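Inspection log for the structure reproduced underneath, given as structure tokens.
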Amino acid sequence: AQSVAQPEDQVNVAEGNPLTVKCTYSVSGNPYLFWYVQYPNRGLQFLLKYITGDNLVKGSYGFEAEFNKSQTSFHLKKPSALVSDSALYFCAVRASGGSYIPTFGRGTSLIVHP
Amino acid sequence: DGGITQSPKYLFRKEGQNVTLSCEQNLNHDAMYWYRQDPGQGLRLIYYSQIVNDFQKGDIAEGYSVSREKKESFPLTVTSAQKNPTAFYLCASRLDRGNSPLHFGNGTRLTVT
């Protein structure tokens, strides 16, 4: 079985400050990890993924994520938040050798204050 | 531009009526998926299809049906057997290659009264 936990329903940060959205996972074998963003009344957009290799993954819109195997985490980060980053963020995982169906977390609402 | 089109964006139905949500993609993706999104519950998989004329139930398939007669199309029918059909429905597709991400449509918001 595979699962994802996003421990924070909401993250608040001031514009210009660094942001972190947390994700931990559980999977048998090696994980494929993904971050998606959703703006109101829209579908999800892919931000970045970790498959193998460098633990720091860079993605769209200045976002990056750090894979930590010992802590089974894949936290999303950005050095300087923008008001336009305010959205719902989803972490997803699937096992590298398993079915092609990812499991999504419940989502974290990021609010960036001007 | 390639993408996934879901229609309509908003849909209103009376209880007891079946309703079909459309999902069309021109990305030439093999796999297609239907998810249901409710506030605070993330995404729950309803059905998925990896090839034409074949599909599998997801975690919450009861009260839903699908077909996959063409590679481009994966319509979802919400039947009267679905006890709580009001939700935001998302269609997605994926290139059937190991680590490729999902591509999502912009969703259909269904309200049943």
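What you see is a predicted model; the values in this text were computed from it and never measured. Every chain is numbered from 1 and lettered A, B, ... according to where its sequence line falls, protein lines coming before strand lines. Values below: all heavy atoms of this structure, side chains included; hydrogens, waters and symmetry mates excluded.
In the hydrophobic clustering of ILVMFWY residues, with side-chain heavy atoms under 4.5 Å counting as a link, Phe34(A) and Phe67(A) come out apart. Val112(A) is not connected to Leu88(A) by any chain of hydrophobic side-chain contacts under 4.5 Å among Ile, Leu, Val, Met, Phe, Trp and Tyr, and they are in different clusters. Ile60(B) is not connected to Leu43(B) by any chain of hydrophobic side-chain contacts under 4.5 Å among Ile, Leu, Val, Met, Phe, Trp and Tyr, and they are in different clusters. Val27(A) and Leu33(A) end up in the same hydrophobic cluster when Ile, Leu, Val, Met, Phe, Trp and Tyr side chains are linked at under 4.5 Å.
Residues forming a side chain to side chain donor-acceptor pair (under 3.5 Å) with Glu64(A) (at least two apart in sequence, or on another chain): Lys58(A). Shown here are the side chain to side chain donor-acceptor pair (under 3.5 Å) partners of Ser84(A), two or more places apart in sequence or in another chain: there are none.
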Could you tabulate the donor-acceptor pairs under 3.5 Å formed by side-chain atoms of residues 74-82 of chain A, not counting sequence neighbours?
| residue | atom | partner | partner atom | Å |
| --- | --- | --- | --- | --- |
| His75(A) | ND1 | Cys23(A) | N | 3.0 |
| His75(A) | ND1 | Cys23(A) | O | 3.4 |
| Lys78(A) | NZ | Tyr61(A) | O | 3.1 |
| Lys78(A) | NZ | Asp85(A) | OD1 | 3.1 |
| Lys78(A) | NZ | Asp85(A) | OD2 | 2.8 |
| Ser80(A) | OG | Gly16(A) | O | 3.4 |

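Ranked by non-hydrogen atom pairs under 4.5 Å with chain A, the options Pro101(B), Gly58(B), Gly105(B) are led by Pro101(B).
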Table up the donor-acceptor pairs between chain A and chain B that sit under 3.5 Å, atom names plus distance.
| residue | atom | partner | partner atom | Å |
| --- | --- | --- | --- | --- |
| Tyr36(A) | OH | Leu102(B) | N | 2.9 |
| Gln38(A) | OE1 | Gln37(B) | NE2 | 2.8 |
| Gln38(A) | NE2 | Gln37(B) | OE1 | 2.9 |
| Asn41(A) | O | Lys9(B) | NZ | 3.2 |
| Asn41(A) | OD1 | Arg109(B) | NH2 | 3.1 |
| Arg42(A) | NE | Asn106(B) | OD1 | 3.1 |
| Gly43(A) | N | Asn106(B) | OD1 | 3.3 |
| Lys49(A) | NZ | Asn99(B) | O | 3.1 |
| Lys49(A) | NZ | Asn99(B) | OD1 | 3.1 |
| Arg94(A) | NH2 | Gly98(B) | O | 2.1 |
| Arg106(A) | NH1 | Gly40(B) | O | 3.0 |

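In this structure, chain A has heavy atoms under 4.5 Å from both the backbone and the side chain of Leu102(B). For a residue to count as touching a neighbouring chain, one of its non-hydrogen atoms must lie under 4.5 Å from one of that chain's; by this rule Leu44(A) touches chain B with backbone and side chain alike.
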